[in-house]
Amino acid sequence: AELARGLVSRPPRAAAMRDAPDAEELQPLTSRLASGGDSDADDVEGGDVWRELPSAGAVYSRGRSITAADLDESWYARRTTKAALVVAAATGCFVAMYYSPSAVVGWIRGSAGGVESFAITNYTAKHWGMDCYSECGGAGMCPGYCGYGNACCRLGDPTDPPACVGILQWGATAYHTCVVPTNPEYQVVEKGPPGVKNWGADCWAPCGNRSGYCESFCGVEGVCCRYGHANAPECTGVVEYGNKGAYTCVGIADQIYHVMPQKPNGSTVRNWGENCLAACNTSGYCREFCGLGNACCRFEGAAQPSECLGIIEWGSKSQHTCVAPASPAFVTAKVPEGGVEHWSEDCWDACGGGGACPQFCGIGNACCRFGSTQDPPECHGIAAFGTKEQHTCVKPVAPYLYVNHFAEDCSGPCDGAGYCEDWCGPGNACCKYGRAEDPHECRGVTYY
């Protein structure tokens, strides 16, 4: 300011400019943003190193190294020993380099008027330096207008929410503006993990106004949760959010609630991850849609049948889906027992009900259903079933259980001792323990 008023001596060129009729006020080269100059290099080459001062109280700094062309022009500045100018320049450069290499100098005008200071342009917040209060509907997190994880805040406003506490970088101080929260509690991640759909979007309505599994909107690997709220168990342990101002799709953190997009190697489950309730009509074994020995179950579903208990591998946890029973009691045998015909097929009609059925299941085999209390003794104690959802051909576990009418008096129906396949079953005979008169086929019998 003193130089412009001619209060100190100048080199010849500066004096000539002062005496000229259209003499310009002198301005340092670095006021790029206020003056609108194209570049420092253009000004030096053209000899136009000084521009009009924006105000008598302006603070200046140099944004580049001083060249030989600048030395003559800066000689009087050194002579005036304006230490304040040097300190301001050094401070401005230090602040810019400290925050980021891409930081540039902006202007913030204080309420006192005529005083300018340095601000850092932050490219991670949208609408930097602009008034955001109306667009955001008030102070607080505002991803729609300010960008992912950013908030609308005002410096020193005690009514602003916690997300506005501790902000270091401001694009404006006279009104609410978009800023980047410094508290990790309010920071978000812009890109979600693989398998999660609609990252950062509000999932409350699309997911039926509930938190938890929501594969239709959040994907197989995603769940609908809200930061800091009471959520479904599958939201446990989530730390990465794309939006902390609403219910949003996030990745599953706890392996207990993890979903397997692809069925395990070697699994015989069909239609993995698909909804099976319509095709199977009810929970439980469903060989037609889910495959032999597999069931249609729902994770944490109420009133599930026994074959749906204890399952840990799921292709979906938000609907009924095909799974392989985990409990050994409900696992079916994939390989037929020796000599059993029509393994895993429905034998009820072919055998005319449960019990011994050599004509369809093979000699010595029976038609039985897992868990049935109405089937005859030959169906008791069997562990190996080709299917557990219907009557099927099996091999009885004890020889005496192969016999029809076991323990009943057969002397009348069989007209005496000896072979009696019509009453006792194929290959069986009517005998009495310890009776020497019985024919040869009754000798050596141990089960009566």
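This chain uses plain numbering: 1 for the first residue, then up along the sequence.
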Item to check | Intermediate values then yes/no, side chain to side chain donor-acceptor pair (under 3.5 Å), His380 and Asp375 | outcome: CA-CA 8 Å; His380 296 173; Asp375 285 347; over 6 Å; no
Item to check | disulfide (SG to SG under 2.5 Å) between Cys152 and Cys136, intermediate numbers included | outcome: CA-CA 7 Å; Cys152 179; Cys136 296; 4.3 Å; no
Next on the checklist: Before you tell me yes or no, could you show the steps for Asn150 and Lys126 under side chain to side chain contact (heavy atoms under 4.5 Å, CB included), namely the whole-Å CA-CA distance, both residues' side-chain angles and the distance that decides it to 0.1 Å?
Outcome noted: CA-CA 8 Å; Asn150 300 327; Lys126 295 180 179 179; 5.8 Å; no
Item to check | Check against side chain to side chain contact (heavy atoms under 4.5 Å, CB included), Arg154 and Thr159 | outcome: CA-CA 9 Å; Arg154 180 173 180 173; Thr159 64; over 6 Å; no
Next on the checklist: Evaluate Cys424 against Cys410 for disulfide (SG to SG under 2.5 Å), listing each step before the verdict.
Outcome noted: CA-CA 8 Å; Cys424 297; Cys410 60; 4.6 Å; no
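Asn271 contributes no side-chain N or O that, together with a main-chain N or O of Gly273, makes up a donor-acceptor pair within less than 3.5 Å. Between the side chain of Glu215 and the backbone N or O of Lys317, at least one donor-acceptor pair lies under 3.5 Å. Not one N or O on the side chain of Asn365 forms a donor-acceptor pair closer than 3.5 Å with the backbone of Pro396. The backbone N or O of Asp346 sits nowhere less than 3.5 Å from a side-chain atom of Thr392 that would complete a donor-acceptor pair. Judged purely by atom type and a 3.5 angstrom limit, Glu307 has no side-chain atom pairing as donor or acceptor with the backbone of Pro325. Thr177 places a side-chain N or O within 3.5 Å of a backbone atom of Gly129 that can act as its donor or acceptor partner. Put simply, the side chain of Trp199 gets close to the backbone of Val189: a donor and an acceptor are under 3.5 Å apart. Counting only distance, with no hydrogens or angles, the side chain of Ser283 and the backbone of Cys297 share no donor-acceptor pair below 3.5 Å. A distance-only check finds no donor-acceptor pair linking the side chain of Lys244 to the backbone of Val188 [under 3.5 Å].
The two atoms that bring Cys207 and Phe217 nearest to each other are SG-CB, 4.0 Å, heavy atoms only. Minimum interatomic distance between Tyr247 and Ser211 (heavy atoms only, all atoms of both residues): CE2-CB, 4.0 Å. The two residues Gly212 and Glu234 have their closest heavy-atom pair at CA-OE2, 3.2 Å. Here the shortest heavy-atom pairing between Leu155 and Thr173 reads CD2-CG2, 3.7 Å. Considering all non-hydrogen atoms of both residues, Val238 and Ala253 come closest at N-CB, 3.8 Å. For the pair Ile311 and Val323, the tightest heavy-atom approach, listed with the atom from each and the gap, is CD1-CG2, 3.2 Å.
Here the side chains of Val179 and Gln169 are not in contact, with every heavy-atom distance at 4.5 Å or above. Side-chain contact between Trp423 and His405 is present, with heavy atoms from C-beta onward closer than 4.5 Å. Between Thr387 and Tyr285 there is no side-chain heavy-atom pair separated by less than 4.5 Å. Two residues are said to be in side-chain contact when any heavy atoms from C-beta on lie closer than 4.5 Å; Asp202 and Asn243 fail this criterion. Using a 4.5 Å cut-off on side-chain heavy atoms (C-beta onward), Trp272 and Pro264 make contact. Considering only heavy atoms from C-beta on, Phe360 comes within 4.5 Å of Glu345 through its side chain. Looking only at side-chain heavy atoms (C-beta outward), Trp343 and Cys393 stay at 4.5 Å or farther from each other.
Taking the six-membered ring for Trp and thresholds of 30 and 60 degrees, Tyr213 and Phe299 have ring planes more than 60 degrees apart, a perpendicular arrangement. Using bins of under 30°, 30° to 60° and over 60° for the plane-to-plane angle, the ring pair Tyr241/Tyr227 lands in the perpendicular bin. Ring geometry for Tyr145 against His127 counts as parallel: the plane angle stays under 30°, on a 0 to 90° scale with 60° as the upper cut.
Summarising the geometry, atom CD belonging to Glu313 is positioned 7.5 Å from atom OG belonging to Ser267; distances are rounded to the nearest 0.5 Å. Gln304 contributes atom CD, which lies 8.0 Å from atom CG of Leu309 (distance to the nearest 0.5 angstrom). With rounding to the nearest 0.5 Å, the separation of SG in Cys224 from CG in Asn198 is 10.5 Å. For the atom pair OG of Ser372 and CD of Gln390, the computed distance is 13.0 Å after rounding to the nearest 0.5 Å. Gln319 CD to Arg298 CZ: the interatomic distance, rounded to the nearest 0.5 Å, is 7.5 Å. In this structure, Arg287 CZ and Arg270 CZ are separated by 9.5 Å, a value rounded to the nearest 0.5 Å.
Taken as a pair, Cys218 and Cys203 fail the criterion of an SG-SG distance shorter than 2.5 angstrom. Cys367 has its SG atom within less than 2.5 Å of the SG atom of Cys347. For the two cysteine residues Cys322 and Cys290, the thiol sulfurs sit under 2.5 Å apart. SG distance check for Cys142 and Cys132: not under 2.5 Å.
No more than 12 heavy atoms of other residues, nucleotides or ligands lie within 6.0 Å of CG in Asp422, so this atom counts as exposed by the packing criterion.
Under the ring pair (Phe, Tyr, Trp, His ring centres under 6.0 Å) criterion, Tyr175 pairs with no residue at all, not counting sequence neighbours. Every residue meeting the side chain to side chain contact (heavy atoms under 4.5 Å, CB included) condition with Cys235, not counting sequence neighbours, appears here in chain and number order: Val223, Cys225, Asn231.
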